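One structure is given here, and the rest of the page talks about it.
Remember, it's a predicted structure, so these values are computed and weren't measured experimentally. First listed ligand is number 1; within each ligand, the first listed atom is number 1. Worth knowing before you read on, the calculation uses all heavy atoms, side chains too, and leaves out hydrogens, waters and symmetry mates.
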Amino acid sequence: MAKNTGLNWPIVGHQNIISYLEHCLLSGQLAHAYLFVGPSQIGKTKVADFFSQALICQNFSEKKKPLPCGLCPYCRQAQNHLHPDIFRVERELNDDSEKLKKNISIEQVRELQNKLNLRSFLDSFKIAIINQAQALSQEAANSLLKTLEEPAPKTILIILATHQHLLLQTIVSRCQVLKFLPVKNSDLVDYLIGQRIDRKKAKNLAALAFGRPGVAIDYLSDQSAYEELTSEIKQFISILQSDVISRFKIINELVVARDIDGLKKILFIWSKVIRDLLLIKNSLPNLISHAFIGGELTRVAEIFSPKTLMEIIKQLNLTRRYLDANLNPRLTFENLVLTF
Ligand SMILES: [Zn+2]
């Protein structure tokens, strides 16, 4: 939880960022645009939600605390994503499938600009939260740049992105950049224990989350996600131990069932498993992410040399880049498992 601030936002970690935003709110020295950079599920959206709620809260205009109050009609609207002056832009679902579109389109940015150009409903701030801004199409990014170049009064953009280098440099340079770092493991454990989780499970979840509170909270609230992760790890362990034909069969199932984001998630899980195997090899089993399956990992670690594991990590990183470059996912994954 944030400590030593007057805001008391229920957010795990990121104290320096919350203190900075508190200073912005209390001093009235607000930037026209903020860029929150950091991995998914680290807390960017949560901070953006509380920051925007603070800006439209009745307490803000009356210079009172706490901020946000959480009780006034505007706070309630914001909490329910119904506030007429807070706009959200994110990747939309494809019409014909449940998968997210690859890009945020220029039409979405234009629609946002039209809304920002209208007078505020409540004469309050108008706030745009742009999620996964790295997915803005080229035209959408260029169009957004115009809004940043000619900022309207009482309009604040909060742009969220996983990596700064995936955005136009001209966008980055017009934003106040705030970098979200992984939350300390002990902070996460304390938070989870505060949620009445027993210490052992809290430690397991925190290790899994890798500094990203959203991951721990997801696993906590969704037992099936925890089970899915376990089966994904076991599937990878079986790939590592099987022949090429069986590997290709599993890859076929994986590629059919997942979109690019899903496949990247698989690569992330696989990287963490290999990292665990390396830690076990280096006699550091207490640092592994998947302690709940530690016995099996210890057994698998015996099969591979540290050199081979380092090579697999390299290949996993390469595969991620190939997916970013839109290479055929099936071929990319088949090539990957040939190197194990
Ligand atoms: Zn309020």
Side-chain angles (χ1 to χ4, degrees), residues 1-38 41-90 111-133 147-148 151-160 175-178 180 183 187 190-191 194-195 213-214 217-218 220-221:
M1 293 283 169
K3 290 168 199 151
N4 308 323
T5 76
L7 297 184
N8 217 11
W9 294 355
I11 286 168
V12 192
H14 310 308
Q15 270 180 49
N16 51 347
I17 289 177
I18 294 170
S19 300
Y20 171 75
L21 292 175
E22 176 181 37
H23 166 76
C24 293
L25 285 164
L26 299 182
S27 67
Q29 290 170 11
L30 294 156
H32 285 295
Y34 294 86
L35 171 58
F36 293 0
V37 180
Q41 294 191 291
I42 202 157
K44 303 188 301 292
T45 309
K46 195 128 199 200
V47 172
D49 282 346
F50 275 93
F51 185 47
S52 48
Q53 196 182 321
L55 284 163
I56 52 85
C57 173
Q58 213 160 314
N59 272 358
F60 182 68
S61 48
E62 294 170 6
K63 296 197 183 328
K64 288 186 196 158
K65 283 187 184 177
L67 260 182
C69 74
L71 300 169
C72 72
Y74 309 132
C75 275
R76 296 246 190 240
Q77 286 176 329
Q79 286 157 359
N80 295 315
H81 288 202
L82 292 172
H83 194 283
D85 292 320
I86 300 178
F87 312 108
R88 288 163 202 275
V89 179
E90 54 199 0
E111 195 187 330
L112 171 71
Q113 286 164 334
N114 288 338
K115 288 177 186 164
L116 291 177
N117 286 334
L118 294 173
R119 201 184 141 77
S120 144
F121 277 88
L122 304 164
D123 198 32
S124 64
F125 277 96
K126 278 186 290 187
I127 300 152
I129 301 174
I130 299 164
N131 203 2
Q132 292 189 304
T147 304
L148 290 165
K154 285 192 102 174
T155 296
I156 292 182
L157 267 65
I158 307 173
I159 300 172
L160 318 183
C175 296
Q176 178 66 55
V177 181
L178 298 176
F180 283 64
V183 172
D187 284 354
D190 287 349
Y191 165 77
Q195 304 294 304
I217 291 164
D218 277 1
L220 192 59
S221 59

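- Here Arg76 pairs with nothing under the side chain to side chain donor-acceptor pair (under 3.5 Å) rule; sequence neighbours left out.
- Between Val183 and Ile42, the closest heavy-atom pair is CG2-O, 4.5 Å.
- Closest of all the heavy-atom pairs between Trp9 and Leu67 is NE1-O, 2.9 Å.
- Residue-environment remark: CD (Gln79) exceeds the threshold of 12 foreign heavy atoms within 6.0 Å.
- A 4.5 Å side-chain heavy-atom check between Leu55 and Leu25 finds at least one atom pair inside the cut-off.
- Any protein N/O/S atom under 2.8 Å from the Zn ion (ligand 1) was counted, giving 4 altogether.
- Within the 4.5 Å cutoff, the side chain of Pro84 has heavy atoms near those of the Gln77 side chain.
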